[in-house]
Amino acid sequence: MPLTANDPTRKSWLDVPANSDFPIQNIPFGVFLTRDDVITIGTRIGDTAIDLGAMHQLGYFKGIDLTDDLFLQDSLNDFIADGRKTWRLVRNRISDIFLHTSPGLRDDQEHRKKVLFSMEEIEMQLPVDVGDYTDFYASKEHATNVGSLFRDPENALLPNWLRIPIGYHGRSSSIVPSGTPVRRPIGQTKPGEDGIPGFGPSKLLDFELEMAFITTATNDLGKRVPIEEAEENIFGLVLFNDWSARDIQAWEYVPLGPFLGKNFASTISPWIVTLDALEPFRTAGPVQDPEPLPYLQQSDAKNFDIHLQAIIQPENGAENIVANSNFKYMYWSMSQQLAHHTVNGCNVRSGDMMGSGTISGPTKDSYGSMLELTWRGQNPLQLSDGSERKFINDDDTVILRGFCKNEDVRIGFGDCSGKVLPAN
């Protein structure tokens, strides 16, 4: 099925500001609360939110096999479960409706009042009901940095890292949409000389610059997803800040891995950008050596050239860009992650979320966490107001941004932000 929505020459009759993350070629999907206190599934072009539930009721998706209430729900799970054919039909239809040469909705003032909202009139919600969430550890630069900090730099990567996409199961209940404040966590930390663990608010609160992909219902229990079919089961991506309390994590992670140091909050951007919209930005990933086992071997370009930024904004202060990275640095691709996740027969469901792990690049300014940027606090960052940061302070807001851009079009994700509140 052709991706007509990706045509770079298309223009919308809606106003799209220069360098907007949301041109007509994007058409992301999300869930929002309208000015009438109605929760609906929608999309966005420029700074206009579009109520897909209202559009469906008004007959704009006639001819596409959709249930009557598909866009009147409080999550995208059922829409995602309908599969890629439906996603493409709907996205192409939206593009056609908002094409600058299309009358219909453009010229119907009554329909426009029911369908269109300014961004100030809506409140974004969590786009999916995340049943399960897995976080991978798939950036070679990040894994090498962390291994160098905590182990022998000459043997920073453990023997399994170059053989399998390392991951762990996270806590889905504490995934929150952008703009939700994050409370500084409390927990145990490493004992002092008296052998008694410390207890109290984390002193080493960190962000992690990540992306996450959202799956459809991929497989039944006991069946696997072949790597060549993996992308058919990936709906789209969001920006993802997997907040981390480094001091709590350091005490608890042996022998089973992260727990309280991670499960207190994870922030995502509320608009899911489809894999289809990102198609023009495919790129090859790093060379994998040694060669992966056959079930992880992939052909063609499976990474995506997505520019990423991490920003710290003190209370009432200016934004400070502290990291510039790129999703293309990922050593293990999304296809490899999903193929590995299911090779043992683990069933993956619609709305499940897979985090990439911290995305670090090859240069110091491209590291995706404060742990790396300050090298465990040894080299504090200086902000524009003269203050320093080893880790994240109370009342700081951390903002992640990401976008793709070529000579024809820019596709972005909007903000993924959270303000840190003091511990209770």
Side-chain angles (χ1 to χ4, degrees), residues 31-33 74 123-135 168-190 197-212 238-253 257-270 310-317 319-320 322-323 353 355 357-358 368-371 373-374 376-377 380-381 383 385 387-401 414-424:
V31 175
F32 56 80
L33 184 69
D74 60 3
E123 182 181 332
M124 297 303 300
Q125 310 291 302
L126 203 65
V128 288
D129 181 8
V130 183
D132 282 297
Y133 146 53
T134 299
D135 194 32
Y168 74 94
H169 293 290
R171 181 72 183 177
S172 61
S173 65
S174 54
I175 296 172
V176 296
S178 177
T180 305
V182 172
R183 184 72 62 176
R184 182 177 294 272
I186 291 174
Q188 289 192 30
T189 53
K190 283 185 176 181
F199 180 77
S202 170
K203 296 179 181 178
L204 307 181
L205 182 61
D206 202 352
F207 67 83
E208 290 192 342
L209 175 59
E210 302 192 27
M211 300 202 73
V238 294
L239 298 171
F240 182 51
N241 182 355
D242 191 23
W243 300 90
S244 296
R246 301 296 184 187
D247 42 359
I248 295 173
Q249 184 180 352
W251 171 232
E252 72 183 4
Y253 84 101
F259 189 32
L260 300 190
K262 291 277 196 178
N263 69 1
F264 58 96
S266 299
T267 305
I268 67 170
S269 52
I311 296 156
I312 297 176
Q313 183 178 25
E315 188 170 34
N316 301 320
E319 294 184 0
N320 294 258
V322 296
M353 193 176 84
T358 304
S369 67
M370 294 295 282
L371 177 69
L373 288 166
T374 69
R376 209 176 179 183
L381 299 181
L383 305 188
D385 63 2
S387 63
E388 290 188 339
R389 294 292 185 279
K390 296 180 178 179
F391 288 89
I392 304 301
N393 288 358
D394 289 347
D395 299 317
D396 283 348
T397 297
V398 176
I399 306 167
L400 307 185
R401 295 193 177 117
D415 284 5
C416 174
S417 69
K419 181 178 181 178
V420 176
L421 303 181
N424 281 328

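Since the model is a prediction, treat every value here as computed from it, not as a measurement.
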> Return the CE to CG distance between M353 and D135, rounded to the nearest 0.5 Å.
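The distance works out to 8.0 Å.
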> Would you check, one step at a time, whether the test side-chain contact (heavy atoms from CB on, under 4.5 Å) holds for L400 with I311?
CA-CA 6 Å; L400 307 185; I311 296 156; over 6 Å; no
> Flag the pair R401 and E319 as a salt bridge only when some basic side-chain nitrogen lies within less than 4.0 angstrom of an acidic carboxylate oxygen.
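The answer is yes: the pair qualifies as a salt bridge.
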> Among residues at least two apart in sequence or on other chains, which ones pass side-chain hydrogen bond (donor to acceptor under 3.5 Å, both in side chains) with R246?
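In terms of side-chain hydrogen bond (donor to acceptor under 3.5 Å, both in side chains), with neighbours along the sequence ignored, R246 is linked to D206, E208.
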> Do I312 and M370 come close enough that some side-chain heavy atom pair is under 4.5 Å?
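SC-SC contact between I312 and M370 confirmed.
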> State which residues pass side-chain hydrogen bond (donor to acceptor under 3.5 Å, both in side chains) with E123; sequence neighbours excluded, sorted by chain then number.
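E123 satisfies side-chain hydrogen bond (donor to acceptor under 3.5 Å, both in side chains) with no other residue.
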> Can you find a heavy atom in the side chain of V238 that is under 4.5 Å from one in the side chain of P270?
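V238 does not reach P270 side chain to side chain.
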> Donor-acceptor pair, S244 side chain versus D242 backbone, under 3.5 Å?
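Checking the backbone N and O of D242 against the side chain of S244, a donor-acceptor pair under 3.5 Å is found.
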> Please check if any side-chain donor atom of R389 sits under 3.5 Å from a side-chain acceptor atom of S387, or the reverse.
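A pair is found: one side chain offers a donor N or O, the other an acceptor, under 3.5 Å apart.
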> Taking atom types as modelled and ignoring hydrogens, do the side chains of W243 and S266 form a donor-acceptor contact shorter than 3.5 angstrom?
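No - no donor-acceptor pair under 3.5 Å links their side chains.
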> For S172 and V130, indicate whether the former's side chain and the latter's backbone hold a donor-acceptor pair under 3.5 Å.
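Answer holds: yes.
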> Taking only residues two or more places apart in sequence or in another chain, which ones pass side-chain hydrogen bond (donor to acceptor under 3.5 Å, both in side chains) with T180?
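Checked T180 against side-chain hydrogen bond (donor to acceptor under 3.5 Å, both in side chains); zero matches.
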> Assess whether a salt bridge exists between D394 and R184, defined as any Lys/Arg side-chain N lying under 4.0 Å from an Asp/Glu carboxylate O.
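Looking at R184 together with D394, the answer is yes, because their closest N to O distance falls below 4.0 Å.
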> Which atoms form the tightest heavy-atom contact between G187 and I248, and what is the distance?
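Heavy atoms only, the tightest pair is N-CD1, 3.6 Å.
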> Could you report the tightest heavy-atom contact between E388 and N393, atom names first, then the distance?
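It is O-ND2, 4.5 Å.
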> Throw together a table of side-chain donor-acceptor distances under 3.5 angstrom for residues 416-424, partners on residues two or more places apart or in other chains.
| residue | atom | partner | partner atom | Å |
| --- | --- | --- | --- | --- |
| S417 | OG | S178 | OG | 3.3 |
| K419 | NZ | E315 | OE2 | 3.1 |

> Any side-chain donor-acceptor pair under 3.5 Å between D247 and T189?
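The answer is no; no qualifying pair exists.
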> When you compare the side chain of T267 with that of V182, does any pair of heavy atoms fall below 4.5 Å?
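They are in side-chain contact.
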> Look only at the side chain of E210 and the backbone of G357, and say whether a donor-acceptor pair between them is shorter than 3.5 Å.
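Yes: the side chain of E210 pairs with the backbone of G357.
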> State whether the side chain of T374 and the backbone N or O of P380 hold a donor-acceptor pair below 3.5 Å, judged by distance alone.
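Checked: no pair found.
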> Could you pull out all residues at least two apart from F391 that satisfy ring pair (Phe, Tyr, Trp, His ring centres under 6.0 Å)?
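Checked F391 against ring pair (Phe, Tyr, Trp, His ring centres under 6.0 Å); zero matches.
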> Would I392 and V398 satisfy side-chain contact (heavy atoms from CB on, under 4.5 Å), going step by step from the backbone distance to the final call?
CA-CA 8 Å; I392 304 301; V398 176; 4.0 Å; yes
> Look at the side chain of E252 and the backbone N and O of G261, then say whether any donor-acceptor pair between them is shorter than 3.5 Å.
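It does hold such a pair.
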> Please report the interatomic distance CZ(R171) to CZ(F264), rounded to the nearest 0.5 Å.
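Reported to 0.5 Å precision, the distance equals 14.5 Å.
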> Looking at Y168, I want to see if its OH is surrounded by more than 12 non-hydrogen atoms of other residues, nucleotides or ligands under 6.0 Å.
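Yes.
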> Taking ring pair (Phe, Tyr, Trp, His ring centres under 6.0 Å) as the test, write out the residues that go with Y133, two or more places apart.
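If we apply the ring pair (Phe, Tyr, Trp, His ring centres under 6.0 Å) test to Y133, skipping adjacent residues, the hits are F240.
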> Over all heavy atoms of both residues, which pair between V31 and D74 is shortest? Give the atoms and the distance, please.
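Closest approach of V31 to D74: CG1-O, 3.8 Å.
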> Between I268 and L239, does the side-chain contact (heavy atoms from CB on, under 4.5 Å) criterion hold? Intermediate values first, please.
CA-CA 5 Å; I268 67 170; L239 298 171; over 6 Å; no
> So how far is it from L381 CG to L373 CG, rounded to the nearest 0.5 Å?
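It comes to 5.5 Å.
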> Might you point out which heavy atoms bring F207 and S369 nearest each other, and give the distance in Å?
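Shortest heavy-atom contact: O-CB, 3.5 Å.
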> Quick check: does any side chain N or O of Q249 sit under 3.5 Å from a backbone N or O of Y253, one acting as donor and the other as acceptor?
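Not a single qualifying donor-acceptor pair exists.
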> Say you draw a straight line from CG of L383 to CG of N320; how long is it, rounded to the nearest 0.5 Å?
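Rounded to the nearest 0.5 Å, the CG-CG separation comes to 4.5 Å.
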> Output the distance between atom CG (L205) and atom CG (D396), rounded to the nearest 0.5 Å.
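Spacing of CG (L205) from CG (D396) equals 9.0 Å.
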